[in-house]
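Read the numbers this way: they start at 1 and go in the same order the structure lists the ligands and their atoms.
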Amino acid sequence: MMIKHRSVAVALVLLQLLAVVQGQPFPNYHANFVDLEEQAAELKWWQTGAFYQIYPRSFKDSNGDGVGDLNGISERLSYLKELGITATWLSPIFTSPMADFGYDIANFTEIASIFGTMADFENLMKVAKQLNIKIILDFVPNHSSDECEWFKRSAAGDPEFKDFYVWHPGRMVNDTRHPPSNWISVFRGSAWQWHEGRQEYYLHQFVKKQPDLNYRNPKVREAMNNVLRFWLAKGVSGFRIDAVPHVFEMAPDSQNQYRDEPRNDWDNDPEDYGYLQHIYTVDQPETIDLVYSWRAVLDEFQRKNGGEERILMAETYSPIDIVMQYYGNATAEGAQLPFNFLLISELTNSSNAGEYASTVKKWLQHMPKGRTANWVLGNHDKPRVGSRLGSDRIDMLNILIATLPGASVTYQGEELGMTDVWISWKDTVDPSACNTNPSIYEQFSRDPERTPFQWSDATDAGFSNASKTWLPIGEDYRQINVNLEETQPLSHLNVYKQLWKLRKQAKTMQRGDTDVKALSGAVLGVKRYLKNDVTFVTVLNIYDGVETVNLQQSFSDLPAQLQVVLVTERSKVKVGDLINSTSVQLQPKDSLVLQSTSSYFAYATNGEIRHLPVLGIYLWLAQVALYLTTR
Ligand code: GLC
């Protein structure tokens, strides 16, 4: 009898284990309730996308020349899968003399040999498809390289290409020729370059090896539309559009003259871009319509070929009212995701919770109804997030962008906590810095955020086996690298992975409403809620004191207790702990993600909550009953 009882008990325990394993992640607590309205509005793949920027020169070098390449990316794409990435945008991979490291394109439809071949690209597309990671390419419309065939033919006066670029004979003052206007290049000095062959100046808003294309010429528009079509046909899921605000400059007046731009009093360096107010060379109204016309090219491709939506992400640091126009208007669609750079441009190392809250709300409040937000923490042009806002705030910022609504963009290495690497003048290669001098170059150099990705503590941080990499490796690579961080449960990398796991499971994170508040000078709170579903609250302690906040006071409809779903290494509480929502204590620079608990029996593993089905509870009860009867 005893034995029989025991075997029944064992069978029940086994069954129960099975129930645990089968536990449903994040069930809808009102599973029978089907909201038809919600069902109808299916989210598109990019609307909650985790985007990841790869800077190909620095991601993975497969052939030992010290520069990353396409085969390196294909080899390591599974790493992005493990992170939970939806899509990756690659900085330019096209044929280029590399005067601006690929942003000076000599052939828009050819792969640069330093990165590989078209076959390597096709292989990358294949690998990406298998992993279900979408590939976004960099579309650089403002300029080509001066080594582009189009420019050479334009300079030679070939009638087909004569007006492909912005040419001008210059201003004659007392019989001396001067540039057509006082315009300054983003990378210093006059934006006009005299061309001996053509005996005219050409405009270059960036380095002189990047002549500006002339978008007042319909042939240029068509040529660039064809570039989009070419890559769409190769299967890419969209484009990041480079330097959007610069694409148009004012048209010359009836006397074929350009106007000078007025000065900025705060800048006394006549070579510096900040010396002038760029009222004639950036954000010209035609640019918005041009972006809409590129969207039309994508939509036309969609209509003809079907498949999932292809997207545009637009790079613009313009004033917010202009940025919002890139989304589209009542009659035309624009970029699905005009980059939100506010976390880069408005926050500093000393910003308080109120400033964080208003920066986040600024985007949400300006965004036209029905559009999708996005959050960019870093890119290859800006100091890394840890160097900008504090290396002890890296987890906090990753948690912030992953728990805000919409898409987010991570720059490679920022999931590991890579920070800027100091580069000597001798090793400096960025044209933006090389055009200056040894005493000021550090203010302009983008090399510090472009150093090779840190895979391991092996030679060259596992990036390459070359004796010299194109930029030096960060000195901290033995502590900050993928291999090591994979073994540390609360490394930046693991916190990052847990975030995307959580986000994928939680419907509220994907489509819930958002309430952002400064809970004190130091603590930022983000509440995400969705009717009939779990509520989440993210709390971030920006400063160095221990803080206690009352969430009930700031947010409505919160239960008395919340469960911890995600912590960082600074936290004292653990995943699964229940805490009172009237008194949430945070350690210095601590961040927590909390959720409302359910009536179900829930258990937590590394940021992932699983729920024991009701059956599990009956099994427990049956087991207790059996135990009692066999005593
Ligand atoms: C964009 C790119 C930058 C490049 C510039 C010119 O801002 O992000 O890297 O130098 O455009 O193409």
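Remark: minimum distance from atom 8 (O) of ligand 1 to any protein heavy atom is reached at D381 OD2, 2.4 Å. Taking atom 5 (C) of ligand 1 as the reference point, the nearest protein heavy-atom neighbour is F206 CE2, 3.7 Å. With respect to atom 10 (O) of ligand 1, the closest heavy atom belonging to the protein is D100 OD2, 2.5 Å. Nearest to atom 11 (O) of ligand 1 among the protein's heavy atoms is D242 OD1, 2.9 Å.
Nearest heavy-atom pair across M224 and V140 is CE-O, 3.7 Å.
Not close to ligand 1: K382, with no non-hydrogen atom less than 4.0 angstrom away. Under a 4.0 angstrom heavy-atom cut-off, H143 registers as being in contact with ligand 1. For the pair F187 and ligand 1, a heavy-atom separation below 4.0 Å is found.
Each of N374, D138, V409, I241 was checked for a side-chain contact (heavy atoms from CB on, under 4.5 Å) with M313, and the lone residue meeting it is V409. When the options L80, I73, T410, I136 are evaluated for a side-chain contact (heavy atoms from CB on, under 4.5 Å) with T88, the one that passes is L80.
Residues E261 and W183 have side chains in contact (heavy-atom distance under 4.5 Å, counting atoms from C-beta outward).
Ring centroid separation for the pair Y103 and H380 comes in under the 6.0 Å cut-off. W294 has its ring centre no less than 6.0 Å from the ring centre of F239. The distance between the ring centers of F341 and W363 does not fall below 6.0 angstrom.
At least one cation-pi condition fails for K60 and Y79: the charged atom is not both under 6.0 angstrom from the six-membered ring centre and inside a 45 degree cone around its axis.
Close approach to R240 involves these atoms of ligand 1, each under 4.0 Å from a residue heavy atom: 2 (C), 8 (O). Ligand-side atoms of ligand 1 in range of R446: 3 (C), 4 (C), 9 (O), 10 (O), range being under 4.0 angstrom from any heavy atom. Heavy-atom proximity to R450, at under 4.0 Å, picks out these atoms of ligand 1: 9 (O). For ligand 1, the atoms closer than 4.0 angstrom to any heavy atom of E315 are 1 (C), 7 (O), 8 (O).
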